[in-house]
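In this chain, residues are counted from 1 in sequence order.
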Amino acid sequence: MDLVVRTERGAVRGTAGGELCVFKGIPYAAPLDGPRRFQAPQAPERWEGERDASAFSASVPQPAIMPGIPSSWNPGDSAESLTVNVWTPDLGGGLPVLVWIHGGAFLGGSSSEYDPARLAQAGVVVVTVNYRVGYEGFGWVADAPANRGILDQLAALRWVQDNIASFGGDPGNVTIFGESAGATSVATLVAGSAEHGLFRRAIAQSLGSLFCAEDEFHKVSELVLGRLGTSATAEELGAVAPEAIHTAQAAAMAEINEDRAAWTNSTPYAVVFDGAVLDDLPWAMLRRGSGRGVELICGYNTDEARMFTVDLPAAAKDPALLARGLRLDPSVVEQYRAGYPGEPDSELHALMLSDQLFRMPGLWSAEAHAQAGGRSYLYEFAWPAPGSGGVFGACHGLDVPFTFGVSGGLLGTTLLGEEPPADFETLSAELRGSWISFATSGDPGWPEYTAQDRRTRIWHVPSTVVADPIKASREIWQHRF
């Protein structure tokens with residue numbers, strides 16, 4: 001089998017793995033050296049001969065963001081990190097294309113952390129993308145555009161349009177999908193950039209509430225800059241070591257969390273309403289008809305926030321305290337008690353946080369898209385994780401192993417146990433089949449979402465379709481929609 005593919009910038013040689021051809025570390029933008037770390041992505045240089053595409057590139061600069069999991073980046077790593085990876089079952093196939101945008105709170109994450117082989121083996125071309133995170137991707141730079149991480153994603157999608165046919169993909173049938181900050185990116189791309197025509201369909205898994213206005217964008221960035229003692233120009237920031245920025249942003253995060261009520265988000269970075277990438281909250285823009293031609297799946301996990309609250313002391317799981325931190329009227333707590341009778345305060349606390357962070361943004365986006373005449377689907381991932389004594393429930397991130405059919409790693413064993421139950425393979429196959437069907441034809445296998453019946457897929461064993469599964473929460477938050 002000839003594993004050499006010619007891209008617009010030069011030829012790449014991949015590897016054969018089972019039924020697939022795999023190409024890793026293909027640059028879609030120039031290296032992040034010097035000021036370019038903080039500027040809009042630039043086209044990579046052309047190369048002569050065959051470029052080895054058998055290994056992942058370096059990750060973009062980032063610190064470790066989860067205890068026990070080391071960073072995928074290390075000081076001194078190559079600056080050539082804005083790359084894509086391609087898995088294809090047929091180099092001449094004209095197949096549907098799935099482009100994965102990873103999560104990580106816009107603080108970390110890497111395309112190398114995901115193995116989409118099982119998706120690709122079912123007859124699709126899968127592309128995974130590195131993009132800038134942290135200050136490089138989402139901090140304020142006076143002489144560079146905002147939302148550079150999203151601009152990276154757009155550059156990667158343009159690479160897909162220009163090159164994916166050579167890898168067996170159909171550039172006219174591209175679906176973007178992502179989880180957490182990746183889903184936030186997906187919603188941003190649908191609502192703010194769909195006019196570029198770079199994709200046809202989109203799947204937002206646990207769309208996060210990670211958006212802010214320009215005044216907060218500048219204020220948060222100044223918390224980091226003040227600790228660095230540098231001005232906000234690409235030239236000066238490009239001379240600062242990434243690890244120094246990571247130390248400064250950790251201190252900024254601590255300051256934000258000391259006074260949660262003063263900030264929109266609990267992390268330093270979010271998609272800013274810059275008037276270029278995004279004008280407003282995605283569900284507000286979708287309601288006005290942005291991205292109407294894109295077919296959209298949105299979803300959330302039942303117990304999203306348990307990933308973050310399970311280890312909190314009992315005193316911190318106070319719904320009234322959370323309501324103040326989220327700037328909600330105190331009456332909201334009583335509304336939750338009425339809507340979820342018999343639930344202890346610790347569960348109400350997790351429910352409120354789940355709704356604010358993920359469940360409402362996903363529901364609102366699906367509903368807004370449907371109201372504007374777009375094809376819209378909603379799901380709830382409800383299968384509870386058996387690992388760690390079942391304390392996590394259907395928490396944030398649980399759907400990712402099911403999406404790829406890969407149960408290993410620290411997250412997988414924590415949530416699923418050393419040996420995942422038989423339900424894992426059953427539900428993973430069903431979910432993967434649904435995503436592939438959607439990418440192929442626009443039909444995920446359950447009815448469209450409408451404001452009249454609110455039919456929602458419940459991913460469980462067995463899976464079902466129900467109407468308005470989180471009606472109580474939806475009605476409590478309706479005033480913010």
**Q** Should the ring pair Y135 and Y269 be called parallel, tilted or perpendicular, given that the plane angle runs from 0 to 90° and is split at 30 and 60?
**A**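 Because their plane-to-plane angle is over 60°, the rings of Y135 and Y269 count as perpendicular.
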**Q** Quick one: does T456's side chain have a donor or acceptor within less than 3.5 Å of a partner on R454's backbone?
**A**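 It does hold such a pair.
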**Q** Mind telling me whether Y379 and W446 have parallel, tilted or perpendicular rings, with 30° and 60° as the class edges?
**A**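 Ring orientation of W446 relative to Y379: perpendicular.
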**Q** For W364 and H369: C-alpha separation, side-chain torsions, deciding distance, then whether ring-ring contact (aromatic ring centres under 6.0 Å, His included) applies.
**A** CA-CA 8 Å; W364 289 338; H369 196 53; over 10 Å; no
**Q** Can R337 and D345 be counted as an ion pair, charged N to O under 4.0 angstrom?
**A**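 Yes, charged N to carboxylate O under 4.0 Å.
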**Q** Please give me the minimum heavy-atom distance between A467 and D453, naming the atom from each residue.
**A**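 What the structure gives for the nearest pair is CB-O, 3.3 Å.
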**Q** Please report the shortest heavy-atom distance between L281 and F273, naming the atom on each side.
**A**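 Closest approach of L281 to F273: N-CE2, 3.5 Å.
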**Q** Between side-chain atoms of residues 205-212 and protein atoms elsewhere (two or more places apart, or another chain), which donor-acceptor pairs fall under 3.5 Å?
**A**
unit_1: Q205; atom_1: OE1; unit_2: W435; atom_2: NE1; d: 2.8
unit_1: Q205; atom_1: NE2; unit_2: D399; atom_2: OD2; d: 2.8
unit_1: Q205; atom_1: NE2; unit_2: T403; atom_2: OG1; d: 3.1
unit_1: S206; atom_1: OG; unit_2: E304; atom_2: OE1; d: 3.4
unit_1: S206; atom_1: OG; unit_2: E304; atom_2: OE2; d: 2.6

**Q** Run the salt-bridge test on R432 and E425 with the 4.0 Å N-O cut-off and return the result as yes or no.
**A**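 Result for this pair is yes, salt bridge flagged.
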**Q** Would you say V99 and V97 make side-chain contact, with heavy atoms under 4.5 Å?
**A**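 Yes, their side chains come closer than 4.5 Å.
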**Q** For a quick test of reading the model, state the closest non-hydrogen atom pair linking L82 to R132 and the distance between them.
**A**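 Residues L82 and R132, closest heavy atoms: CD2-N, 4.1 Å.
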**Q** With no hydrogens and no angle check, is any side-chain donor or acceptor of Q62 less than 3.5 Å from a backbone partner on G109?
**A**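 Side chain of Q62 to backbone of G109, a donor-acceptor pair under 3.5 Å: yes, one is there.
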**Q** Would Y300 and F358 count as a close aromatic pair, with their ring centres under 6.0 Å?
**A**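 No, too far apart.
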**Q** Evaluate the side-chain proximity of R455 to V466: yes if any heavy-atom separation is below 4.5 Å, no if none is.
**A**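 Contact flag for V466/R455 side chains = no.
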**Q** Going from CG on L415 to NE2 on H396, what distance comes out if it is rounded to the nearest 0.5 angstrom?
**A**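 One gets 11.0 Å once the value is rounded to the nearest 0.5 Å.
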**Q** Flag this pair as yes if the NZ/CZ of R457 is under 6.0 angstrom from the six-membered ring centre of W459 and inside a 45 degree cone about the axis; otherwise no.
**A**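 Positive - R457 is close enough to the ring of W459 and near enough to its axis.
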**Q** Look at the rings of F106 and Y131 and say which category their plane angle falls in: under 30° parallel, 30 to 60° tilted, over 60° perpendicular.
**A**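 Because their plane-to-plane angle is over 60°, the rings of F106 and Y131 count as perpendicular.
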**Q** Using the six-membered ring wherever Trp is involved, compare the ring planes of H218 and W140 and label them parallel, tilted or perpendicular (cut-offs 30° and 60°).
**A**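 Plane angle over 60°, so perpendicular.
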**Q** Given side chains that start at C-beta, do those of L416 and P401 come closer than 4.5 Å, heavy atoms only?
**A**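 Side chain of L416 against side chain of P401, heavy atoms only: contact under 4.5 Å found.
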**Q** Between D280 and R288, does at least one N-O distance fall below 4.0 Å, as a salt bridge requires?
**A**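 Counted as a salt bridge, because a side-chain N and a carboxylate O are separated by less than 4.0 Å.
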**Q** Quick one: does V465's side chain get under 4.5 Å of I458's, heavy atoms only?
**A**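 They are not in contact (no side-chain heavy atoms under 4.5 Å apart), so the answer is no.
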**Q** Could you give the distance from CG (L157) to CG (D152), rounded to the nearest 0.5 Å?
**A**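 One gets 11.0 Å once the value is rounded to the nearest 0.5 Å.
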